[in-house]
Amino acid sequence: MYAILGKNTVQPVTRLLNDKGLNDAPVQIVAKGEGPKALEEAARIPADTLILDVDTGPGLGPAVLRYRLKRPDTRVILLAVDKKPGDNDVAAVVQAGVYDVVTDVASLNEVLNRAPANLSAAAKWLDPALSLEQGEEVSKIIIREKIIEKKVAISQRPVLIAVAGTAPGVGTTSVSLSLAAFLAGQKYKTIYIEAGEASIEIITGMQVGAEPRPFRAYFDVCRDVNYMDVIRMRRHEYIVLDLGAVSPEKLLSTDADLMLAVLPPLSRFERSRTWMNASVSFVCGEESVLEAMSCMEASRGKNVFILPYKSRFPNKDKKSSEYCSKILRTVLPEKRINKFFCFL
């Protein structure tokens with residue numbers, strides 16, 4: 001535990017730390033504007049959690065980003081007492097990937113005891129229109145689309161798309177590469193990461209390792225690398241993670257913005273039964289599988305997309321692009337979606 005606090009928060013926070021038996025936790029009391037320098041000093045000390053007072057800014061956004069690059073495993077909690085959505089200082093820290101925002105010191109203990117927040121919880125600080133605190137009924141789809149736009153355009157945190165095979169040899173790699181190629185074709189800086197069985201070197205004809213290598217325009221590839229390291233680099237707008245054939249739990253553990261499970265042909269369909277209760281979207285290569293899914297009670301309400309084998313990578317035809325666009329609709333900024341479908 002480590003804390004960087006202003007004069008207004010130091011007493012209640014230190015009292016809370018003492019109550020939790022953390023009276024030996026380092027606490028820096030800094031004046032307004034000294035927060036960025038204090039973060040540089042804090043980065044030298046390992047900590048599982050950092051409590052940061054927004055009133056020690058301005059200029060915390062870039063400083064927090066540098067801190068998170070040095071201490072990627074440290075959970076950062078931002079104290080933003082009495083702040084409201086629309087505050088630029090809070091938004092800058094959220095854009096750096098800090099999603100635990102506490103506006104009342106009294107609730108800090110509760111935040112410390114629960115799991116870290118995600119971008120959905122902090123989205124209102126990027127766009128006040130997303131706030132649900134006043135009781136407005138806002139479509140979850142609209143919220144998700146706006147969050148994706150914020151992630152790509154503002155925070156530069158890549159959108160993560162994770163693809164898993166429900167069985168070996170179902171075409172996980174070809175689906176992943178098709179989606180990556182489509183995104184690159186839309187001039188989004190995209191990277192394909194192969195985490196499953198090695199095949200990307202055969203497809204590209206070049207040696208592929210942990211260091212991203214250019215394959216096509218806007219299209220990089222790599223393999224056997226921690227995808228979180230690629231996210232932290234913030235060099236890409238989209239990351240397509242090819243997990244290969246894994247369990248549903250492995251796919252869900254990525255907490256990706258879009259999680260896809262590739263289904264086998266109808267002759268091997270029984271092998272995917274264990275996936276039917278997973279909260280993911282499905283991709284199949286045959287109309288017969290699409291029909292089979294529509295008849296299954298367990299698949300009711302789930303998104304099932306088709307990407308025929310003949311329309312998969314490396315095809316660049318109009319029909320293939322249409323299939324990919326439908327699959328990726330929830331993670332494409334709305335303006336780009338509209339432009340694409342007008343072209344069709």
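We count residues from 1, following the sequence as given. Just so it is clear, the structure is predicted and the values come from calculations on it, not from any experiment.
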Quiz prompt | E201 side-chain N/O to V208 backbone N/O, donor-acceptor pair under 3.5 Å | solution = yes

Quiz item: So does E197 have more than 12 non-hydrogen atoms from other groups sitting under 6.0 Å from CD?
Solution: no

Practice problem: Determine whether more than 12 heavy atoms belonging to other residues, nucleotides or ligands lie under 6.0 Å from atom CD of E41. | Solution: yes

Quiz item: Does E322 come within less than 4.0 Å of K326, counting only side-chain N to carboxylate O?
Solution: yes

Exercise. May I ask you to decide if S199's main-chain N or O and E194's side chain share a donor-acceptor pair within less than 3.5 Å?
Key: yes

Quiz item: Counting heavy atoms not belonging to K20, are there more than 12 under 6.0 Å from its NZ?
Solution: yes

Self-check item: Flag for D242-T172: side-chain donor and acceptor within less than 3.5 Å
Solution: no

Exercise. Flag yes if more than 12 heavy atoms outside D19 fall under 6.0 Å of its CG atom; otherwise flag no.
Key: yes

Quiz item: Should we count NZ of K84 as having more than 12 external heavy atoms under 6.0 Å?
Solution: no

Quiz prompt | Backbone N/O of S272 and side chain of T166: donor-acceptor pair under 3.5 Å | solution = no

Quiz item: Without hydrogens or angle criteria, can the side chains of E34 and T56 be said to hold a donor-acceptor pair below 3.5 Å?
Solution: no

Quiz item: Is a salt bridge present between E40 and K37, judged by a nitrogen-to-oxygen distance below 4.0 Å?
Solution: no

Quiz item: Which side-chain hydrogen bond (donor to acceptor under 3.5 Å, both in side chains) pairs, counting each pair once, include a residue from residues 44-53, with sequence neighbours left out?
Solution: T9-D53

Quiz item: More than 12 non-hydrogen atoms from neighbouring residues, nucleotides or ligands closer than 6.0 Å to OH on Y323, yes or no?
Solution: yes

